[in-house]
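Counting starts at 1 for both ligands and their atoms, following the listed order.
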Amino acid sequence: MRPYVITAALVGAETTREQTPYLPISAEEIGEEAARCREAGAAMVHIHVREPDGRPSQDSELFRAAVREIRKRSDILVQTSTGGAVGMDVDERCGPLRLTGADRPDMATLTTGSVNFGDEVFSNPRPLVREIARRLRALGIRPEIECFDAGMVEEAEALAREGLVDLPAHYDFVLGVPGALGASERALDFLMASLPSGSTFTVAGVGRHQLPMAALAASKGGHGRVGLEDNIYLSKGVLAKGSWELVAEAARRARAAGRDIASPAEARKLLRLS
Ligand code: KMH
Ligand code: ZN
């Protein structure tokens, strides 16, 4: 089977320092954590950024600083969020897409529908999704299609018909968000069966589902996303000392499922990044 790509979701928009002291906030902390994750087996980081007080941000200069600190220390691929935090508008969400030249992200997320997100709504009306897809296309940045629910897979096909994304694509199935599609093998099988042929996929299980879903994805030929954005525990009641510890455990489980771990160069090829 092809090598297993581990994405480390280091920061997110929701996890707080009150929940875990291991959350990176400054650009330097993000860079150091990315290097530890690379060492542990991750080929890519998925990043958000924070204001110095910890508030979520999509500010392009904060992203620039983080990307530089990451690339100073390792060759890990950088995927920036265009999801941001609940309530942000399209221009704010696209802050990291203003980075060009050496700071340009290798990939960026594109969520293709709205979804309940705990007690809130992660709002992605079709015009907003199309606007982000258009900007990504104009910049030549390959999207990772973020699917929090099953209809979002089909919506990517509608975008392809409109010439806004290329298929086959790379998908991230985010499973287990309260209010959205649950983290089950049945759900994953359905999503996999719904993919256009030749597509690749990652599974990001939320909370206690994270490591089991990363292992399940490994056994089915997919890839895995782990990290403090989606889960802060290594095991019940035991905080992960950083996303790197979750990466190391996902790598161990993937190897046990017979998968080699992809380097950034291998991931670049597998995910068809430029
Ligand atoms: N923070 C969530 C509301 C993404 O990064 O593209 C959205 C999110 C998705 O994290
Ligand atoms: Zn994210």
Ligand 1 contact by Glu229, heavy-atom criterion under 4.0 angstrom: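 The answer is yes, since Glu229 has a heavy atom less than 4.0 Å from ligand 1.
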Any Gly84 heavy atom less than 4.0 Å to ligand 1: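 True for this residue.
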Lys/Arg N to Asp/Glu carboxylate O, [X] vs [Y], below 4.0 Å:
X	Y	value
Asp53	Arg17	no
Glu146	Arg225	yes
Arg268	Asp75	no
Glu39	Arg36	no
Arg130	Glu155	yes
Arg142	Asp166	no

Atoms in ligand 1 with a heavy atom of Glu14 nearer than 4.0 Å: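 Matching atoms, with element in brackets: 1 (N), 2 (C), 3 (C).
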Atom 6 (O) of ligand 1: nearest protein contact (heavy atom, Å):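 Atom 6 (O) of ligand 1 sits closest to the protein heavy atom Thr109 OG1, 2.7 Å.
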Among the N, O or S atoms of His46, the one nearest the Zn ion (ligand 2):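 In His46, the heteroatom (N, O or S) nearest the Zn ion (ligand 2) is NE2.
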Heavy-atom nearest option to atom 5 (O) of ligand 1, drawn from Ser81, Ala9, Ala85: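 The option holding the nearest heavy atom is Ser81.
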2.8 Å cut-off met by an N, O or S atom of Glu229 to the Zn ion (ligand 2):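 Checking the Zn ion (ligand 2) against Glu229, an N, O or S atom does fall under 2.8 Å.
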